Trainee: 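My questions all concern the structure below.
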Amino acid sequence: MSNSVDPPAGWPATEAEALAEQQRLRGLVDAGPCGPALAGLSLVAGVDVAYDDERDVVAAAAVLLDRHSLEVVEESTAVGRISFPYLPGLLAFRELPTVLAALAGLGRTPDLVVCDGYGLAHPRRLGLASHLGVLSGLRTIGVAKTPFTFTYEQPGPERGAWTPLHDAENGEEVGRALRTRRGVKPVFVSVGHRIGLAEAVHLTLELAPAYRLPETTRKADSLCRRALSAAVERC
DNA sequence: GCGACAG
DNA sequence: ATCTTGTCGC
């Protein structure tokens, strides 16, 4: 928990500033496989954000889980004022200030952060997962619920089936459409920072044993909604 | 120019 | 994201 957070000093406030900041950070993303490091990952965090546009309030949650048992190890929330509009391609500027505050409230450092959205699968290769990775130095992946502007073929019906997610502009594989539950629409996985795509897909499957979305995002989603309600009725 | 567009 | 009832299915 914490009081109302403000964006970090110098946080972009306009579209032009945000675009310039993305250009500055895009080259700092590490998209390589983490090799043996994958076996050592034990603390996974999920982050998510909820808004009340009427009251101009935003609440973020960071939930730390044990990678293997998926039990909650720790929770943290942060509340603030909405400091940036929703503009497709610039989502990070709206969500990250509060997410960073929630993450800072954790007593332990996550080995992986699962974001609700995209990483490298982004018009300028810096979706919120990659952006968060560069700013925090943490290993991150993005698991989104919709295909955004990308194209893909329907993966097979069985859990674990996947197909490449393509950028229509250049045909690049920017992520994968992954079936986490038999017969249920896929999620869209992309690399955030300090990890490879195959590993990101592997971990997503591991973190989503029972539902379409990873437990990390399910828990973070419910927590940030509760934090928003609490914050709104408290002021 | 118009529509689409992570959350 | 958020606004929202019932309803089909395991």
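Letters go in sequence order (proteins before strands), and every chain restarts at 1. Not measured: the values here are computed from a predicted model.
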Trainee: Would you kindly give the CG-to-C1' distance between A:L87 and B:dG7, to the nearest whole Å?
Mentor: 12 Å
Trainee: Using a 4.0 Å heavy-atom cut-off across all strands, classify A:D48 as base, sugar-phosphate, or nothing.
Mentor: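 Result for A:D48 = sugar-phosphate.
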Trainee: Nearest whole angstrom, please: distance from the C1' of B:dG7 to the CG of A:D116.
Mentor: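 Taking CG of A:D116 and C1' of B:dG7, I get 7 Å after rounding.
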Trainee: Look at the side-chain N and O atoms of A:T146 and state whether any lies under 4.0 Å from the OP1 or OP2 oxygen of B:dC5.
Mentor: no
Trainee: Where are the stems of DNA chain C, defined as at least 3 consecutive Watson-Crick or wobble G-U pairs with both distances under 3.5 Å?
Mentor: none
Trainee: Contact class for A:L90 (heavy atom, under 4.0 Å): base, sugar-phosphate, or nothing?
Mentor: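 Answer is base: heavy atoms of A:L90 come under 4.0 Å of a base.
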Trainee: Quick one, A:R226 with A:S222, criterion side chain to side chain donor-acceptor pair (under 3.5 Å). Give me CA distance, side-chain angles, the key distance, then yes/no.
Mentor: CA-CA 6 Å; A:R226 278 177 278 144; A:S222 89; 3.0 Å; yes
Trainee: Under a criterion of less than 4.0 angstrom to any heavy atom of chain A, what are the 5'-terminal and 3'-terminal contacting nucleotides of DNA chain C?
Mentor: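 First-to-last contact on DNA chain C, by the 4.0 Å heavy-atom rule, is C:dA1 to C:dT2.
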Trainee: To the nearest Å, give me how far apart OH (A:Y86) and P (B:dA4) are.
Mentor: 14 Å
Trainee: Please report the distance, rounded to the nearest Å, between CZ in A:F150 and C1' in B:dA4.
Mentor: 13 Å
Trainee: Within this structure, what is the NE2-to-C1' distance between A:H122 and B:dA4, rounded to whole angstrom?
Mentor: 15 Å
Trainee: Show me the donor-acceptor pairs within less than 3.5 Å that the side chains of residues 25-53 of chain A make with the rest of the protein, sequence neighbours left out.
Mentor:
unit_1: A:D30; atom_1: OD1; unit_2: A:G32; atom_2: N; d: 3.0
unit_1: A:S42; atom_1: OG; unit_2: A:D111; atom_2: OD2; d: 3.3
unit_1: A:Y51; atom_1: OH; unit_2: A:E95; atom_2: OE2; d: 2.9
unit_1: A:D52; atom_1: OD1; unit_2: A:E54; atom_2: N; d: 3.2
unit_1: A:D52; atom_1: OD1; unit_2: A:R55; atom_2: N; d: 3.0
unit_1: A:D53; atom_1: OD1; unit_2: A:R94; atom_2: NH2; d: 3.3

Trainee: Base, sugar-phosphate, or nothing: which does A:G142 touch, judged by heavy atoms less than 4.0 Å apart?
Mentor: nothing
Trainee: Between A:F148 and A:Y118, how do the two ring planes meet: parallel, tilted or perpendicular, split at 30° and 60°?
Mentor: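 Parallel.
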Trainee: Once you round it to whole Å, what is the distance between P of B:dC5 and CG of A:L165?
Mentor: 14 Å
Trainee: Any chance you could measure A:L120, atom CG, to A:S130, atom OG, to the nearest 0.5 Å?
Mentor: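 The distance works out to 4.0 Å.
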Trainee: For a quick check of understanding: with a heavy-atom distance under 4.0 Å over all strands, which category does A:Y51 fall into, base, sugar-phosphate or nothing?
Mentor: sugar-phosphate
Trainee: Between A:K145 and B:dA6, does any side-chain N or O lie under 4.0 Å from OP1 or OP2?
Mentor: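 Negative; the distance criterion is not met.
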Trainee: Looking at A:A121 and A:F150, what are the two nearest heavy atoms and their distance?
Mentor: C-CZ, 3.3 Å
Trainee: Out of curiosity, A:T140 OG1 to A:I195 CD1, how far, rounded to the nearest 0.5 Å?
Mentor: 8.0 Å
Trainee: Show the nearest heavy-atom pair for residues A:H193 and A:G133, with the distance to one decimal.
Mentor: CD2-O, 3.3 Å
Trainee: Report the distance from atom CG of A:L96 to atom C1' of B:dG7, rounded to the nearest whole Å.
Mentor: 11 Å
Trainee: Checking all strands, does A:A121 fall into the base, sugar-phosphate, or nothing category for heavy-atom contacts under 4.0 angstrom?
Mentor: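 Nothing, no nucleic acid heavy atom in range.
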Trainee: Over all strands shown, is A:R225 touching base, sugar-phosphate only, or nothing at heavy-atom distances under 4.0 angstrom?
Mentor: sugar-phosphate
Trainee: Please state how far atom CZ in A:F148 lies from atom C1' in B:dA4, giving the value in whole angstrom units.
Mentor: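 In whole Å, B:dA4 C1' lies 10 Å from A:F148 CZ.
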Trainee: Give a yes or no on whether a salt bridge exists between A:R139 and A:E199, defined as a side-chain N under 4.0 angstrom from a carboxylate O.
Mentor: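 Result for this pair is no, no salt bridge flagged.
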Trainee: So what does A:L128 touch, heavy atoms closer than 4.0 Å: a base, only the sugar-phosphate, or nothing?
Mentor: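 It contacts base atoms.
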Trainee: Say whether, by atom type as modelled, one donor and one acceptor occur between the side chain of A:E74 and the main chain of A:G107 under 3.5 angstrom.
Mentor: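 Yes: the side chain of A:E74 pairs with the backbone of A:G107.
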Trainee: Would you say A:V114 and A:L165 are hydrophobically clustered, going by side-chain heavy atoms of ILVMFWY under 4.5 Å?
Mentor: no
